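Report on the following structure.
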Amino acid sequence: MTQTEDKVLSTEDTPLVPIEKIVSLSKRRGFVYPNSEIYGGVSGIYDFGPLGVELRNNIRRYWWWSMVQTNDNIVGIEGSIITHPRVWEASGHVENFVDRLVDCKNCKRRFRVDQLPLENVEQNKCPECGGELTEPRLFNLMMETYIGVVEGERMKTYLRGEACQNIYLDYDNVLKSSRMQIPFGICQIGKAFRNEVTPGNFLFRQREFEQWDLQFFVHPSEMQKWFDYWKEYRVKWYEGIINHKDRLRLRPHGPDELAHYAKQAFDIEYRTVLGWQEWEGIHWRQDWDLSRHSEYSGHDLSYTDPETKERYIPWIVETSGGVDRTFLNLLLDAYEEEPPSGKDKEGRTVLHLHPWLAPVKVAVLPLQKNKEELVTTAKDIHNRLKRLMVSQYDDVANIGRRYRRQDEIGTPFCVTVDFQTLEDSTVTVRERDSMGQIRLAISELPSYLLQRVTWNYA
Ligand code: ATP
């Protein structure tokens, strides 16, 4: 996957963008709002506004297209948020899904022990004020809920702490209903809930968030081959949607980070003002999940090879990432404040989002608002384009200001209807990143734009 040819971005590394800039843009332009803001908000929970929901849908759709739709050996499911409580005993979450926390006795700040610099842990010293830290306390991250209405008969269960468990639960049904044979994969995008004790950094660490997972089921002898295959596939996937490829890396887990069943694991990490942080995990899960669910449910989840008749518990390669971290990282990657230059006297804020993912694909602008023919023609073009892609009509303020408004939300193309349009039915198409303009016949607009803004346009 490559960026479109229109993209002319500076290759030199631009400074890392402070998260506050993204928070402010998100609220101002309708990407993300604090949840329940009129009641003071809830920490670690956010809502997505009109542009946010478009961007989010595009991110999800592109993942689904490239993971499920274009791979014959992968199918998708959508599992529920609430499951039988035994699921979380089998998965180990009830017992082990805990964070160790310390508080500073002086400044009262709270920290996760695994996120503190080693020096502070060893010296029991607050990284902010140098004060003394309390003994570590354990907190379970699972969010509890209850099924049923009659007191005493209600069943305690959990909002899922990770989305992927549904895939193991539905594995046998998928196998029987979809004629899949090993090797094959199941994908899902879905919400997960964690009582994170230190939520923060905007969408980076939330209490309600969304994950995407591939669980790929293989014969044990092919585990290494498929692990390497998906590791590479996923790195390329992320490279294809970002501008700053030098901010992406694959980090192998050290021996102390590996689960007992994992021969290896990698994090795909992205560098922001928060430093290098996990974006997606590539995990060697072996037969752990299906064995545990076989044991706890009493339902045999082993697989019989239709040709060799060999019976075994499939091993699993997992790729597990976050929709919200993708959303945040893409904004951090795309945001740029460009100083005034030859073409643009005032400077501008631009979101260099990939045209596939940009929330609005095209804006249609009449050069002047008070010329009825310009307005009618522009509205007519907009009305035709909006059936194919997200299009905005805008006639408020001068054309330069309207271009900047669109640049700030990442709209890759602006179509301007001017006086020449009335003579020869052509329009100006302005490209966001280069600010270059071409003249195009109105009749050619739909196919020209579709080719540039949709990934599956043949
Ligand atoms: P971390 O070490 O950052 O807590 P994790 O290893 O617990 O993450 P996983 O359980 O592997 O994360 O979840 C898979 C993906 O889900 C992560 O790579 C990340 O993109 C996303 N994710 C996990 N926790 C959160 C959260 N609290 N808020 C937003 N996204 C999250």
Side-chain angles (χ1 to χ4, degrees), residues 19 22 32 35 42-48 52 56 59-60 63 67 88 91-93 96-101 111-116 139-143 158-168 187-215 230-231 234-235 237-238 241-242 248-254 256-259 261-262 264-272 274-285 288-289 316-333:
I19 294 214
I22 302 301
V32 186
N35 171 272
V42 185
S43 137
I45 303 192
Y46 289 91
D47 288 351
F48 291 83
R56 215 175 153 77
I59 293 172
R60 284 201 206 103
W63 186 87
M67 297 298 284
W88 304 103
S91 70
H93 281 76
N96 298 322
F97 201 43
V98 289
D99 271 348
R100 289 169 69 227
L101 283 194
F111 306 95
R112 257 170 67 173
V113 176
D114 65 340
Q115 289 176 349
L116 278 178
F139 284 86
N140 192 295
L141 304 189
M142 294 298 286
M143 279 198 194
Y158 306 92
L159 304 184
R160 61 186 177 194
E162 59 180 20
C164 66
Q165 289 298 324
N166 294 81
I167 298 182
Y168 314 132
C187 276
Q188 181 185 232
I189 301 179
K191 289 272 190 176
F193 301 82
R194 293 181 188 174
N195 259 325
E196 296 276 4
V197 263
T198 52
N201 292 320
F202 196 34
L203 305 180
F204 184 80
R205 189 167 302 288
Q206 296 172 84
R207 290 178 163 141
E208 174 179 337
F209 57 99
E210 199 166 43
Q211 295 180 307
W212 48 45
D213 288 281
L214 160 70
Q215 305 288 325
W230 286 113
K231 188 178 75 183
R234 294 304 298 152
V235 171
W237 191 89
Y238 284 106
I241 54 170
I242 57 172
L248 195 74
R249 77 174 183 191
L250 190 66
R251 185 185 67 82
H253 280 204
D256 54 329
E257 291 175 275
L258 285 176
Y261 47 77
Q264 50 188 322
F266 288 85
D267 283 347
I268 298 177
E269 294 187 334
Y270 183 75
R271 188 164 63 90
T272 68
L274 305 174
W276 287 101
Q277 294 286 351
E278 174 178 337
W279 193 343
E280 171 159 318
I282 314 291
H283 300 132
W284 178 294
R285 300 202 61 95
W288 169 253
D289 307 280
I316 293 177
V317 181
E318 172 186 73
T319 72
S320 178
V323 177
D324 306 86
R325 277 195 201 171
T326 304
F327 191 105
L328 175 62
N329 287 347
L330 285 180
L331 290 181
L332 288 166
D333 184 83

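The structure displayed is predicted, hence computed values, not measured ones. First listed ligand is number 1; within each ligand, the first listed atom is number 1.
Considering each of E210, Q115, E196, the one bringing a non-hydrogen atom nearest atom 27 (N) of ligand 1 is E196. The closest non-hydrogen atom to atom 30 (N) of ligand 1, taken over F209, W212, Y270, F97, comes from F209. Of all the listed residues (E269, E278, E257, R325), E278 holds the heavy atom that lies closest to atom 18 (O) of ligand 1. When E208, Q277, Q211, E318 are ranked by how near their heavy atoms come to atom 13 (O) of ligand 1, first place goes to Q211. Within the set E162, Q206, R194, the minimum heavy-atom distance to atom 9 (P) of ligand 1 is found for R194.
Checked against the 6.0 Å centroid threshold, Y270 and Y238 do not count as a close aromatic pair. For an aromatic pair to be called close, the ring centres must be under 6.0 Å apart, and W237 with W212 satisfies this.
Distance from atom 21 (C) of ligand 1 to its nearest protein heavy atom, with residue and atom name: G322 CA, 3.9 Å.
Residue F204 has at least one nitrogen or oxygen atom sitting less than 3.5 Å from a nitrogen or oxygen atom of ligand 1, judged on distance alone. At under 3.5 Å, not a single nitrogen or oxygen of L203, backbone or side chain, sits near a nitrogen or oxygen of ligand 1.
By the 4.0 Å N-to-carboxylate-O rule, K231 lies too far from E280 to be salt-bridged with it. For the pair D267 and R249, the salt-bridge criterion is not met [side-chain N within less than 4.0 Å of a carboxylate O].
The distance from ligand 1 to the heavy atoms of R205 drops below 4.0 Å at these ligand atoms: 1 (P), 3 (O), 4 (O), 26 (C), 27 (N), 28 (N). Taking every heavy atom of E280 and a limit of under 4.0 angstrom, the matching atoms of ligand 1 come to 18 (O).
Enclosure of atom CZ in R112 by more than 12 non-hydrogen atoms of other residues, nucleotides or ligands within 6.0 angstrom is indicated.
The cationic atom of R285 (NZ for Lys, CZ for Arg) does not lie both less than 6.0 Å from the six-membered ring centre of Y261 and within 45° of the ring axis.
R271 contributes no side-chain N or O that, together with a main-chain N or O of W276, makes up a donor-acceptor pair within less than 3.5 Å.
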